[in-house]
Every structure is written in structure tokens, then in C-alpha cells.
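Below is one structure; the comments refer to it alone.
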Amino acid sequence: MSSPVEILADLANHIDFDKRSLLISASAIAFNPTFWNRFFGSAQTGCYALAITIFSLGLVRDFLYERALRDQPSHPLLEGELLTYAGYALLALGNLFVITSTWQLGITGTFLGDYFGILMDSMVTGFPFNVTNAPMYYGSTMSFLGTALLYGKPAGVLLTGWVLFVYLVAIQFENPFTSGIYAKRERERAKAKGEGKKEL
């Protein structure tokens, strides 16, 4: 029986780092959650333009990921009926998280409307946000891993690790920002409410 280190080394030997598609896919993964642009005439227009851009970049990223996997060798350890079912389960759960997050947040909530000053009435705490604070990122990561398992590709597992790392970095910036702007708005509302009572 092989040790975990030997298994990882064997999996790594089945990643073709010379394939340009692997680098291009890794670059697209890193670029996608960090890109936004505020150079529009109104917050609403800017947010919707950003939504189209992010969605389009996501399609390109997914295409590049699939293309990179096609260029990579498979490994027997990642093949088999059980892993195929696990891949489908991860895809289903990942898509459930992404779709229900989008439903809960709407377009402006999903695509960084808070960066444009477009806030929801209150922070969303229902499903799937009651399971994780970043269901879109974790759902997307599950979908990447599910695809890697369906293809049986160690390179897909490697890129999934990269996806998770990039998303965890993004969360370190996004979550405090979002919490901060909602807390600021609540302080402003409380202050305005207090001033309103003084006038009576």
C-alpha cells in the first residue's frame, strides 16, 4: 500500500506542466474574482455592466478549465464508478449553492452591487448563507472538483486547489468590506433615527 506522499507524487507525475492550457486556465481562475470596473455613469449601469463582464469571464474561465483538462493525462486513482458519482454529487451541490445564492441576492447583490453603493435591505442569512458565508465561492470550488473527478484528471484537482486558494484570498477582502458597509449603514440609520426623535 502506498503512502499519502507517494500517492501525491504519483498524481503530480500525471500533471503536464508543459501544457500552456494549464497556465492559461490557472490565470483565468485568478483573474475572475478580482476583476471589477467602476468607470460607468451610474451605479446601476456599472453594476449591470460588471455583471455581464463577470458572467462572460466565468464562461471563458470554465471553457479554459475544460480545455486544460482535455490536454492532461488521467490517473486510475481518480477513475471509477464511486468517483464518478462523487463528481456528479459535487457538481449538483456546487450548482445548488451558486444558483440559490444568486436567487437570494439578485443581480446587484450577486455581482458586487455593494461596491457601487447598491445595498440590500439587510444582509442575507437564509439558505445557502446559513450553511457558509461564501456559498458562491465554495459552490464553484465544488463544481471544479466535481469536473476534475468526472474527467479523472490530477491537473483538475490541482486547479481546484488553486480555485480554492484564490477564493479564500478574495473572501479575506470581500467579507470584511461587506460587513463594514452594512454596519456603517446601520449606524447612519440609528443616528438619523436618534436625530429625528430629538426634533419631536
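Computed from heavy atoms alone, side chains included, the values below leave out hydrogens, waters and symmetry copies.
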Is it possible for you to say whether [X] and [Y] belong to one hydrophobic cluster, with membership spreading through side-chain heavy-atom contacts below 4.5 Å?
{"X": "L22", "Y": "F165", "result": "yes"}
{"X": "V166", "Y": "V169", "result": "yes"}
{"X": "L158", "Y": "Y151", "result": "yes"}
{"X": "V60", "Y": "I54", "result": "no"}
{"X": "V98", "Y": "V124", "result": "no"}

Problem - Residue F173 excluded, over 12 heavy atoms near CZ under 6.0 Å - result: no
Problem - Whether over 12 other heavy atoms sit under 6.0 Å from E81 CD - result: no
Handout entry: Step-by-step side chain to side chain contact (heavy atoms under 4.5 Å, CB included) determination, L168 to Y138
Key = CA-CA 9 Å; L168 289 174; Y138 292 123; 3.4 Å; yes
Practice task
Scan N133, T100, L96, I99 and name whichever one has a side chain to side chain contact (heavy atoms under 4.5 Å, CB included) with P128.
Solution key: T100
Problem - Candidate list D10, D16, L11, test side chain to side chain contact (heavy atoms under 4.5 Å, CB included), partner H14, passing option - result: D10
Where is the tightest heavy-atom contact between [X] and [Y], given as atom of each residue plus distance?
{"X": "A148", "Y": "G156", "value": "CB-C, 3.4 Å"}
{"X": "I171", "Y": "A134", "value": "CD1-CB, 3.5 Å"}
{"X": "S21", "Y": "R67", "value": "OG-O, 4.3 Å"}
{"X": "A68", "Y": "L159", "value": "CB-CD1, 4.4 Å"}
{"X": "I118", "Y": "Q44", "value": "CD1-OE1, 3.6 Å"}
{"X": "L77", "Y": "L83", "value": "O-CD1, 3.1 Å"}

Kindly compute the distance separating [atom1] ([X]) from [atom2] ([Y]), expressed to the nearest 0.5 Å.
{"X": "L145", "Y": "S140", "atom1": "CG", "atom2": "OG", "answer": "11.5 Å"}
{"X": "D71", "Y": "E66", "atom1": "CG", "atom2": "CD", "answer": "9.5 Å"}
{"X": "I24", "Y": "R61", "atom1": "CD1", "atom2": "CZ", "answer": "15.5 Å"}
{"X": "F111", "Y": "L105", "atom1": "CZ", "atom2": "CG", "answer": "10.0 Å"}
{"X": "K153", "Y": "L69", "atom1": "NZ", "atom2": "CG", "answer": "7.0 Å"}
{"X": "K193", "Y": "E188", "atom1": "NZ", "atom2": "CD", "answer": "15.0 Å"}

Practice task
Dump the intermediate steps for side chain to side chain contact (heavy atoms under 4.5 Å, CB included) on M136 and Y167, then the final yes or no.
Solution key: CA-CA 10 Å; M136 287 187 173; Y167 285 164; over 6 Å; no
So, do [X] and [Y] sit near enough that their side-chain heavy atoms are less than 4.5 Å apart?
{"X": "F17", "Y": "L23", "result": "no"}
{"X": "F97", "Y": "T132", "result": "yes"}
{"X": "T53", "Y": "L57", "result": "yes"}
{"X": "N95", "Y": "S143", "result": "yes"}
{"X": "F129", "Y": "S101", "result": "yes"}

Handout entry: Residue pair E174 / Y137, side-chain donor-acceptor N/O under 3.5 Å
Key =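 Yes, side-chain donor-acceptor contact under 3.5 Å.
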Handout entry: Salt-bridge contact R189-E186 (side-chain N to carboxylate O under 4.0 Å)
Key = yes
Problem - Side chain Q72, main chain P154, donor-acceptor under 3.5 Å - result: no
Practice task
Any chance you could lay out the side chain to side chain contact (heavy atoms under 4.5 Å, CB included) test for L150 and L91, step after step, and finish with the verdict?
Solution key: CA-CA 10 Å; L150 287 177; L91 279 168; 3.3 Å; yes
Problem - Derivation of the side chain to side chain contact (heavy atoms under 4.5 Å, CB included) call for T84 and L149 - result: CA-CA 6 Å; T84 298; L149 295 179; over 6 Å; no
Problem - Validation row, ring centre F144 to ring centre Y65 under 6.0 Å - result: yes
